[in-house]
Participant: 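For reference, the structure I am asking about is given below.
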Amino acid sequence: MKKISLIIPCYNEEAVLQTTYNEIIKHLPDHYSYQFILVDDGSQDKTLKVMKDLAAQDARIKYLAFSRNFGKEAALLAGLEAAKKINSDAVIILDADLQDPPSLIPEMIDYYEQGYQHIYTKHRSRAGESKIKTFWALSFYKVYAFLTKNKSLAKGARDFCLLDRQAIDALLAVKDYKRFTKGLYNWIGFEKKCLEFDYVPRAKGTTKWSFKSLFRYASRGIKQFSSVYLWVTTLLMLLAFGLVVFDIVNGIIKQWDWLSLRIDGLMFFVFLALHTILKLLYDIRDQGLNRPIYLTKESNLDD
Ligand code: UDP
Ligand code: MG
């Protein structure tokens, strides 16, 4: 019997995890065997205890707990690595808060049986979500599509998806230190099918994303899948160069007292350009240091 692993990244989800588990098990077609891979991303609440209680009730539950909060991207990677370790044929990735409806699982599995390798999901409508979050999310998808020159990241795409073994291996072959899995899903290719669903509010608990963390996440995606940094830096350097040329020509023809202003402008563009280059260098440094993307404190994967 084929094995499907359900990967759930959890950060401070004590309020909802049991409910999510109860809901998911109602929607699992019975011609597969299932494993839950619950990843505790350094929660400060009792998430890990809830995981252990669940594991005591249901032998299909595997958990692993990080030594601190490493972020959802790291939790997804840990989930995929664990799935590979226990020899899963496919994985389904879901959020812990029931915003990814488990009722779609049977349909995902149908498409998996038809040979699709990455069955992903996106929001049909976002009615019910806060206006400001919708605004930022839609702006991100627009900017991303424009800068990366393709519409590969479907508007409203979720991490909620089914991946077959080849797609899992492909994601694991990517060694990016700062991962942007939403972009990688498209990058790896394979046979894809998209399912749509309407926005569902969080069942319990609160969102773990601040504006700052979402902004960082969005700029990581844009940086990794477009060459925006390169041409912005080039543009800034060209502006600075233009000012230098202007000053030289101007100095030769006639002297204005705008000089100091132009020098300030010049410094501004040069500093911005240098800042951009520095950011890129830092990313190369992070990759070069080759630190592990997460550290595990405990797990029952080997039990
Ligand atoms: N999450 C995580 N690590 C983090 C932040 C979030 O593992 O640092 C998990 C979280 O527990 C949830 C999923 O990622 O299962 C999505 O987070 P959340 O629901 O807070 O995001 P939102 O739906 O508000 O965008
Ligand atoms: Mg959520």
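Whatever order the structure lists ligands and atoms in, that order sets their numbers, starting from 1. Sequential numbering from 1 along the given sequence is applied to the chain's residues.
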Participant: For the residue pair D40 / S43, report whether a side-chain donor-acceptor contact shorter than 3.5 Å exists.
Facilitator: yes
Participant: Can you sort out the partners of F269 under ring-ring contact (aromatic ring centres under 6.0 Å, His included), two or more places apart, ordered by chain and number?
Facilitator: none
Participant: Measure from the Mg ion (ligand 2) to each N, O or S atom of T207 and report whether any distance is below 2.8 Å.
Facilitator: no
Participant: Check whether the side chains of Q166 and Q117 place a donor and an acceptor atom closer than 3.5 Å, and report yes or no.
Facilitator: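 Judged by distance alone, the side chains do pair up.
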Participant: Is the centre of the W136 ring less than 6.0 Å from the centre of the F211 ring?
Facilitator: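 Yes.
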Participant: Regarding K2 and S33, is there a side-chain donor-to-acceptor distance under 3.5 Å anywhere?
Facilitator: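 The criterion, which ignores hydrogens and geometry beyond distance, is not satisfied for S33 and K2.
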Participant: Just by distance, no angles: are the side chains of E113 and H31 close enough, under 3.5 Å, to form a donor-acceptor pair?
Facilitator: yes
Participant: Do F160 and Y120 make the cut of ring centroids closer than 6.0 angstrom?
Facilitator: no
Participant: Hey, which residues fall under 4.0 Å of ligand 1 on heavy atoms?
Facilitator: P9, C10, Y11, E13, D41, N69, G71, K72, D95, A96, D97, Q99, K133, R202, T207, K208, W209
Participant: Any N/O/S of D97 under 2.8 Å from the Mg ion (ligand 2)?
Facilitator: yes
